[in-house]
Every structure is written in structure tokens, then in C-alpha cells.
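Chain naming here is simple, since letters A, B, ... match the order of the sequence lines and numbering starts at 1 in each. Both backbone and side-chain heavy atoms feed into the values below; hydrogens, waters and symmetry mates do not.
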Amino acid sequence: MRPVRTLKGNAMALDILKEKGTPIENQQFDWRDLVRVPISKLNDDAFTRVRIILMNGLEMGALRCQHSFHQMNGDLRLPLARVRRVEAFQQTLVNWLLPPDQSPLETTIAYEQVAIEVTAHVALNEPDPYNAQVYRFGMLEDFDHLYRFSALLDRLEGKDANNILQNYTDILPGRPTAVEHRAPEDDLREPYALDAAPLTKIHALTITNAEFQTENYYKNIGPLFADPGARMLYAEISSIEEQHVTQYGSLINPSESLLEKWLLSEAMEVYNYYSCMQQETNPRIKSIWQRFTDYELGHLHLVMDLMRKIEKRDPEELLPKEIPDPIKYESHRDFVRQTLSQEVDLRARGTQFVPADQEDLRSINYRERLNSKGSPSTMVAAGYSWKPGTELRVQSESLNLA
Amino acid sequence: MKKETELGMNRTGMAMAPKEGKRQKENEWKAPPIALGDSGEIVRLRAAYDAESGPIGTVSPPATIKGVAKTALQMGKGHNATALIDKIGERLAFERAGTRLYELLIGKFRAGESETGDADLSALIRFHDEEREHFLLLWKCLEQLGADPTVQTPSADHTGVKGMGLLQTMSDPRSTFYQCLDAILIAELADNEAWKLLSEVADGMGLSDMAASFRDAQAQEQIHLDTIRTWWAALVKQEAGIEEEVHA
């Protein structure tokens with residue numbers, strides 16, 4: 001079942017209040033459908049991989065949130081179980097699109113590309129200036145992670161991170177990972193207001209879930225490495241991702257009801273699948289985004305009905321009248337470079353951002369303790385400068401063996 | 001000092017649990033056939049996915065006008081220039097990763113936590129440097145052909161997948177120097193064969209200068225292989241208490 005889309009300006013806009021998508025009873029799978037031929041690491045566009053990683057993260061987020069909701073609300077147990085079953089299959093279908101010749105470290109490079117390019121788009125389009133600052137702040141940290149993991153990929157596997165990035169994203173130091181470690185008090189941010197713009201809520205949910213999956217991924221694959229440098233780097237960067245999930249998750253208003261949270265999550269999923277569908281270059285993958293846009297519309301309308309019935313609230317008041325402009329899957333190189341030049345020295349103090357010399361002692365002490373026996377991210381990337389192919393092209397012979 | 005041949009509490013075998021091991025063995029008598037059919041089912045499933053899947057990727061078109069011209073020239077002779085580019089890309093990836101594997105081997109040697117036998121640091125460093133030189137040579141060859149040396153060709157990608165086990169063994173702090181030699185021996189065996197073939201293919205395409213440089217590289221790789229093989233065998237024999245025989 002395909003929703004009819006109305007023409008608005010030059011873009012096809014989706015009226016999420018009218019389009020009801022695929023009813024949940026028609027959302028069906030079989031194992032061959034779930035386990036598709038994966039994308040090509042070499043030939044598919046890097047942004048196809050970026051979209052797969054992001055949407056897997058959002059489905060993992062849907063599962064996590066919906067599992068916690070049903071432990072807190074008896075009325076919602078059955079509808080949550082029904083929707084969650086579909087979300088779980090969607091997650092499988094999407095994540096299984098990643099190809100097996102992409103090593104866990106190469107996949108990590110792609111995860112950081114997601115964190116940089118999607119957060120950059122969100123920072124540029126976020127209506128709330130404080131939240132936009134939060135996104136810029138986190139983006140510069142993920143930017144540094146990409147540089148550290150690229151050094152590891154070159155120095156351990158002998159591979160070029162740019163084969164994954166496909167020239168869309170710079171490989172340069174950002175805010176050094178070693179100084180990103182902060183006390184929990186300095187990772188919390190101000191939550192958005194209950195009447196904030198729907199796009200502000202959608203952004204916060206998108207980035208929180210994307211970062212949560214990044215943290216999970218690093219925490220799962222870290223011990224698969226034999227190399228102690230790699231094991232330490234994953235331990236370190238996964239701890240920053242934990243901070244990022246704390247940061248972005250604290251943007252979400254804790255006073256929202258469970259149903260409100262569920263409703264916004266489904267709207268966020270519709271928005272993201274729709275964004276993917278609009279820009280997908282691989283027709284085989286585009287049809288998946290189309291199908292799942294329709295599935296998520298089905299979930300959204302199911303939750304809208306529950307809200308009317310249980311909370312006697314009009315869900316339309318919480319949702320955007322028109323679906324916002326889609327996430328732009330493109331290089332944000334200029335914006336990232338500009339942000340880097342202006343904001344790399346910012347630090348967090350409480351919920352605010354301050355110059356480096358005004359940082360609170362609690363975060364300085366926290367990181368000095370963690371780094372007291374050496375900083376993995378500093379060691380792994382010591383002296384590293386990305387060169388096309390590898391640093392070995394310019395390194396003098398045996399230099400690294402002296 | 002680490003030693004993989006020491007006696008110790010390895011729990012993977014059935015004999016380590018005399019009582020429960022016997023009960024475990026009862027499974028082969030008691031387990032009823034759970035599913036009909038045989039292992040042919042999964043073979044047919046793999047064939048179905050084979051039929052549905054495309055290749056892991058393709059070779060990029062030439063990066064320069066010179067490359068287009070050279071490709072056309074080869075095609076005019078009935079040759080497939082992209083096959084050569086794919087294989088040079090493979091060797092390039094292999095030599096780049098091989099340089100890193102030698103870094104691991106040198107690190108293992110220097111750590112001195114396990115028996116190193118007759119291995120020699122200066123030879124290890126020379127082999128490392130030669131792997132890097134071979135990588136640089138292949139980079140230049142691709143440029144000469146008008147191809148893009150930064151591309152990960154399908155064979156380069158494939159070789160990366162194959163090498164993951166070697167890397168995993170060699171980067172493990174628990175591995176002994178012998179275990180790392182065992183891994184790099186696999187790499188050197190494959191590398192020697194591949195260089196020989198690459199020089200034959202270049203010769204066949206009339207690229208005689210390139211073929212000559214590949215033969216020079218192969219001659220160095222042959223020394224790597226012979227040396228590694230000797231150290232590797234000596235360590236095993238030493239460990240087993242067998243006198244080293246003199247080879248002809």
C-alpha cells in the first residue's frame with residue numbers, strides 16, 4: 001500500500017496526518033525477504049551505507065524504547081509487542097544489508113561518517129540555537145574519532161579509510177579525544193520545552209538513537225580485536241559515545257508521557273525513512289525505504305489512535321503539519337571545517353559551553369585519572385597524517401621501527 | 001617466556017571431563033533426527049544466493065586520458081587491461097598490509113617474550129622495508145597505466161578479507177613468535193605465487209619493463225619465503241627435540 005503524495009513546490013511532500021501507510025496486520029516478512037543480498041562496499045555510494053547504519057540505529061532505538069515502555073505501562077503492553085515485532089524485523093532487514101567484506105573497523109569508519117554528516121545536517125537545520133550548539137559540539141568530537149580510527153585502519157589493517165568515506169568527509173583531528181572525557185555533571189544538557197518545534201524533537205530522537213547504536217556497536221566489537229591498541233581505542237571511544245548518549249538523550253524532555261514519546265519516535269522514524277527514500281541512489285534499497293516509510297506511517301497512526309483513546313489528547317497537536325525537509329545526505333565539509341576553526345576549543349561546563357580555560361575542575365580531574373596510564377587515542381594516532389593510500393607513502397623507511 | 005607447547009589446563013577436549021564427557025557422548029545415540037534432509041539443503045541455499053548476488057564490486061574506469069588510451073590499446077590487442085589493474089591493485093593492498101604484518105612480527109621479536117630461534121632482526125627490518133618498496137612500485141605502475149592507485153579493486157578487497165585471520169593471529173599479545181611466523185609464512189607463500197603470475201600477465205600484455213620490475217620484486221619475496229620457512233621449521237624441530245637436518 002503506497003501513500004499518495006501531494007506536490008508541494010518542487011519537492012514531493014508527505015502529509016503524515018492523512019497518509020495512513022500500511023496497516024500493521026499487513027506488515028509481513030519471510031526469511032529470504034529479511035536476508036537480502038547486501039550492498040557493495042566498493043560500488044555503492046557511501047551515503048547508501050550511511051543511511052543503512054543510521055536506520056539500523058533508529059530501529060535499535062525503537063526496540064530499546066518500546067521494551068522499556070512496556071515495563072512501565074500495562075495498557076500499552078500488547079500494542080507495543082505488536083509494533084515492536086515489526087520494528088525488530090525491520091532492524092534485521094536493514095542491518096543485514098551491510099556486506100561481510102567490510103571489516104568491523106571499516107564499518108566503524110562508516111559509523112563515524114554517519115555521526116559527522118548526519119549531525120552536521122541536524123546542526124544546520126535545528127530551529128533551537130542552543131540545541132544547534134549541542135550538535136556542533138558533539139560533531140567535533142566524532143570528527144576526531146574518525147581521524148583516530150582512520151589511523152588505526154592504516155596502521156593495523158593496512159587500509160585507507162577514504163575507500164569507505166569516498167571523499168565526502170575530511171580525515172583530520174577535531175577536539176582531541178583525550179580531552180573529551182568529562183564528568184557526568186558536564187554531559188547533561190537542557191531539555192527542549194514540551195511545546196518545542198516538532199523538528200527539534202525529531203532531531204534529538206534521531207541523534208540520540210544514532211549515538212546509542214554507535215556506543216553499542218563499539219562495545220560489542222571492541223573485544224573482537226586482538227591488537228591491544230585497538231581494544232583500548234574502542235574502550236576509550238565507546239566511553240565518549242556513552243557521554244554523547246547522555247548529552248543528546250538529556251535534550252529530550254523527561255516530562256513527556258510514554259505515549260507522547262512513542263508517538264514522537266514513530267514520527268521520527270517516518271521522517272527518516274522518508275528522507276532516505278527521497279535520496280537513495282540504489283533502486284533495490286530505495287524500495288526498502290519506500291516500504292518502511294509506509295510501515296512507519298502505519299505505526300504512527302496506530303499510536304495516534306491510542307493517544308486519542310487512552311490520553312484523550314489530540315496527537316495532531318504534537319506532530320508537524322507538513323513533514324520537514326529531508327535530511328540531506330551530502331558532504332558537509334565546509335560547515336565542519338568552519339565549525340572546527342571556530343569551536344574546537346569549547347568545553348562543557350554544566351549544561352553550557354565555555355572556553356577551555358573555564359572548564360570545571362571535576363572534568364579535568366576525571367580525565368586526568370582516566371588518562372593517567374596513557375591515552376589510547378593519542379598513542380594510536382601519534383604523528384598520523386592521512387595521505388591518499390596510506391601514510392607509508394611518505395614515511396621514511398623503518399622510521400616507525402626505530 | 002610464552003610457550004604454546006607447555007602442558008596446561010586446556011578444557012576444550014572431552015577427556016578433560018571424564019564423567020560428563022561420557023554423558024555428553026550419549027548424545028550421539030540419543031539425539032533423534034530433528035529435521036529431515038541433509039547438508040545438501042544449505043548447499044542449495046548458498047547456490048540460490050550465489051545466483052542472486054552480483055560481484056563484490058568492479059574495477060574503476062581509467063582515471064586519466066592516458067589511461068583510456070592505454071586501455072583501448074590493450075583492448076585492440078584482445079587484452080583486458082582492467083584484469084591487470086585489478087591484480088596490481090590486489091598486490092598493492094597485499095604489500096601495504098604486509099608491511100604492517102612485518103611491523104607486528106618485528107614487535108613480537110623485540111618483545112622477546114617467546115622463543116625466536118635463528119630469526120634475525122636486521123633481516124626482518126629489511127623484509128619490512130622491501131614490502132613497503134613493493135607497495136610503492138605498484139603505486140607507480142598503476143599511475144603509469146593511467147589507473148587510480150587509491151582505488152580498492154575487487155581483488156584488493158578480497159585479499160583484505162583473506163588476510164584478517166593472519167592479522168588477528170599476529171596482533172594478539174598472547175601469540176608466540178613462532179605462531180606469527182606460521183601466519184606470515186602463509187602470506188609469503190601466497191605472495192610469491194602472485195608475483196610470478198603478475199609478471200607473466202604483464203609480459204603477456206607487452207609491458208616488459210613492468211614485468212621485469214615484478215620479477216625483481218619476486219626475487220626478493222623468494223628470499224623472504226625461504227628465510228621465514230627456515231626459521232619456522234627450525235623452531236618446530238627445536239621444540240620437538242629433533243636434530244636439525246642439513247638440507248641440500
Around atom [atom1] of [X], are there more than 12 heavy atoms of other residues, nucleotides or ligands at under 6.0 Å?
| X | atom1 | answer |
| --- | --- | --- |
| Arg174(B) | CZ | no |
| Asp120(B) | CG | yes |
| Asp30(A) | CG | yes |
| Lys3(B) | NZ | no |
| Lys162(B) | NZ | yes |

Any donor-acceptor pair under 3.5 Å from [X] side chain to [Y] backbone:
| X | Y | result |
| --- | --- | --- |
| Arg96(B) | Thr390(A) | no |
| Thr150(B) | Gly389(A) | no |
| Arg132(B) | Leu392(A) | yes |
| Glu157(A) | Gly163(B) | no |

Contact between [X] and [Y] at the side-chain level, heavy atoms closer than 4.5 Å - yes or no?
| X | Y | answer |
| --- | --- | --- |
| Asp227(A) | Met170(B) | no |
| Lys41(A) | Asp157(B) | yes |
| Ser171(B) | Leu156(A) | yes |

**Message:** Ignoring hydrogens and geometry beyond distance, is a side-chain donor-acceptor pair present between Arg36(A) and Tyr49(B) at under 3.5 Å?
**Reply:** no

**Request:** Return the minimal non-hydrogen interatomic distance between Ser40(A) and Gly57(B), and the atom names on each side.
**Result:** OG-CA, 3.9 Å

**Asked** Which pair of heavy atoms, one from Ser53(B) and one from Val37(A), lies closest together, and at what distance?
**Response** OG-CG2, 3.6 Å

Region of [X] that comes under 4.5 Å of a non-hydrogen atom in chain A:
| X | answer |
| --- | --- |
| Ser175(B) | neither |
| Leu167(B) | side chain |
| Leu45(B) | side chain |
| Phe135(B) | side chain |

**Prompt:** For Glu106(A), is it the side chain, the backbone, both or neither that has a heavy atom under 4.5 Å from a heavy atom of chain B?
**Reply:** side chain

Nearest-0.5 Å distance, [atom1] of residue [X] to [atom2] of residue [Y]:
| X | Y | atom1 | atom2 | value |
| --- | --- | --- | --- | --- |
| Gln152(B) | Leu42(A) | CD | CG | 5.5 Å |
| Asp172(B) | Arg231(A) | CG | CZ | 8.0 Å |
| Asn43(A) | Thr58(B) | CG | OG1 | 3.5 Å |
| Asp154(A) | Arg100(B) | CG | CZ | 4.5 Å |

**Item:** Residue selection (most heavy-atom pairs with chain B, distance under 4.5 Å) from Asn163(A), Leu224(A), Ile39(A)
**Value:** Asn163(A)

**Request:** Sort out for me which of Pro38(A), Ala226(A), Ala230(A), Pro99(A) touches chain B most, counting heavy-atom pairs under 4.5 Å.
**Result:** Ala226(A)

